[in-house]
Amino acid sequence: MAQRDHFATRLGFVLAAAGSAVGLGNIWKFPFMTGQNGGGAFLVLYIVFVLTIGLSVMLAEFAIGRAGQRNPVGSFRALKGGAWPAAGGLGVIAGFVILSFYSVVGGWTLAYAIKSVTGALASNDPKVLGAAFGTFIADPLDVIGFHTAFMVLTLVIVAGGVRHGIERAARILMPILALLVIVLAVRAVTLDGAAKGIAFFLTPDFSKVTWNTVNAALGQAFFSLSLGMGTMITYASYLNRQVNLPKTAAQVTLLDTGFAVIAGLMILPAVFAFGFDPAAGPGLTFITLPAVFAQMPAGALFSFLFFTLLAIAALTSAVSIIEPVVSYLIDERKLSRRTATWGAGAVIWALGVPSALSLGPWKDITVGGKSILDAVDYLASNIMLPLGGILIALFVGWSVAARAVDEAQSGGNHPFALARAWIFICRFVAPVAVAWVMIQGL
Ligand code: PHE
């Protein structure tokens with residue numbers, strides 16, 4: 001077997017996995033999904049899915065990856081073979097789909113970092129900020145240009161082996177982002193008129209829950225925790241046997257959920273205080289936050305700092321979305337890292353162009369009533385990732401249960417008291433619940 005790079009420390013792995021999980025999913029997607037899905041009840045469903053299915057699937061991915069020591073396809077093959085490697089293949093395809101639109105939104109954050117200092121966003125008037133976002137999104141050169149810039153940054157990091165550099169940078173920058181999100185949440189909840197937004201977010205109204213809400217919460221749980229496509233399999237394949245997997249899964253999950261909840265408190269109270277529309281969709285964070293910054297001393301500076309850090313958080317996630325693809329192409333197709341990265345990146349970039357245009361020049365094109373960007377996101381988050389999650393759970397629950405439990409306990413180094421409950425969830429709860437929700441959502 002070829003020598004594999006390994007994380008030097010447990011902290012290094014926790015930070016890489018958390019760097020993958022924390023990203024646009026928390027700060028861009030979670031608030032607007034909560035806004036579109038009626039608030040508090042969505043939050044409750046989301047947390048229930050995260051703590052049951054999400055946590056179990058994350059541990060399953062960790063166990064598969066560390067036992068398999070390969071990319072998702074290779075890890076399934078190393079542990080069992082048969083038709084199972086196809087489950088890893090589904091994940092590799094999902095990587096293409098997800099990064100295509102993820103990079104578009106990553107480009108928005110870069111653009112907004114720049115706009116923060118040009119004064120283009122200095123207003124708290126919903127109309128002005130809505131129009132600023134609308135104008136930006138309607139300019140094909142702008143959106144495709146920033147999509148390209150974000151993609152190139154991602155590929156340079158993945159191809160050039162500066163990964164360790166960015167992981168080290170993220171170790172310093174992510175706590176700063178966390179701090180900033182907390183400061184902004186404090187500012188948002190103390191705005192005049194914030195109470196309505198806080199109540200919207202924290203008071204569940206289950207009478208408004210439909211299967212769409214449930215389906216959306218499930219998809220968000222998978223997307224935000226980076227589950228169902230082999231990212232966590234790939235990261236865990238760079239891991240040695242000393243690390244306590246259940247503990248790490250719990251920490252990453254808590255960190256990710258904490259980020260999302262605080263992001264919700266940062267956006268939704270402000271949405272109500274300034275009279276924005278909570279159901280505005282993908283633009284919500286980008287039209288709401290500038291209004292908060294406009295209410296703060298040195299707002300332009302905060303704004304620049306925030307969008308820059310968000311872009312970096314998005315980059316550490318983007319790297320983790322393409323890594324399963326690249327490691328597959330290297331291990332299984334014998335490409336060099338450079339060729340694999342730039343080749344896959346070019347395809348993903350092209351796939352992203354329709355999403356980039358879909359809120360502006362192509363906004364009249366809809367797929368099932370959704371913009372192209374929303375439709376691609378839906379395909380990935382609500383179909384591909386849950387399907388991948390079902391397969392991962394079934395694999396661990398039925399096919400390699402004994403081996404997986406041994407792996408989760410690090411061969412006896414770290415006894416895991418909940419092993420039986422975990423296998424039970426992988427066998428029955430996760431596959432049945434996810435399949436049920438998916439079928440109802442169709
Ligand atoms: N979890 C990341 C985020 O919230 C996105 C992601 C999805 C990363 C799937 C890897 C795999 O931004």
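Values in this document were obtained by computation on a predicted structure and should not be read as measured data. Only heavy atoms go into these numbers, but all of them, side chains included; no hydrogens, no water, no symmetry mates. Every number for a ligand or one of its atoms is a count from 1 in the order of the listing.
- Per-residue contacts place L24 under 4.0 angstrom from the following atoms of ligand 1 (heavy atoms of the residue considered): 12 (O).
- Side-chain contact between L24 and T109 is present, with at least one heavy-atom pair separated by less than 4.5 Å.
- Using modelled atom types and a 3.5 Å distance limit, the side chains of S320 and S20 yield a donor-acceptor pair.
- Residue-level proximity to ligand 1 for M229 is carried by the side chain, the only part with a heavy atom below 4.0 angstrom.
- When each atom of ligand 1 is checked for a heavy atom of S224 under 4.0 Å away, the hits are 1 (N), 4 (O).
- Per-residue contacts place G25 under 4.0 angstrom from the following atoms of ligand 1 (heavy atoms of the residue considered): 3 (C), 4 (O), 12 (O).
- Ring geometry for W84 versus F76: interplanar angle under 30°, hence parallel rather than tilted (30 to 60°).
- Judged by distance alone, with hydrogens and angles left aside, the side-chain atoms of T285 form no donor-acceptor pair with the main-chain N or O of F32 at under 3.5 Å.
- Of the listed options S20, A21, S317, A21 places a heavy atom closest to atom 4 (O) of ligand 1.
- At least one heavy atom of Y102 sits less than 4.0 Å from an atom of ligand 1.
- Residue F223 has at least one N or O atom closer than 3.5 Å to an N or O atom of ligand 1.
- Heavy-atom neighbours of F395 CZ from other residues, nucleotides or ligands within 6.0 Å: above the threshold of 12.
- Counting heavy atoms of neighbouring residues, nucleotides and ligands inside a 6.0 Å radius, atom CH2 of W349 does not exceed 12 of them.
- Near S320, the atoms of ligand 1 lying under 4.0 angstrom from a non-hydrogen atom of the residue are 8 (C), 10 (C).
- Between S226 and ligand 1, at least one N/O pair is under 3.5 Å apart.
- A side-chain donor from one of T210 and T213 sits under 3.5 Å from a side-chain acceptor of the other.
- Here is the list of ligand 1 atoms found below 4.0 Å of a heavy atom in T231: 10 (C), 11 (C).
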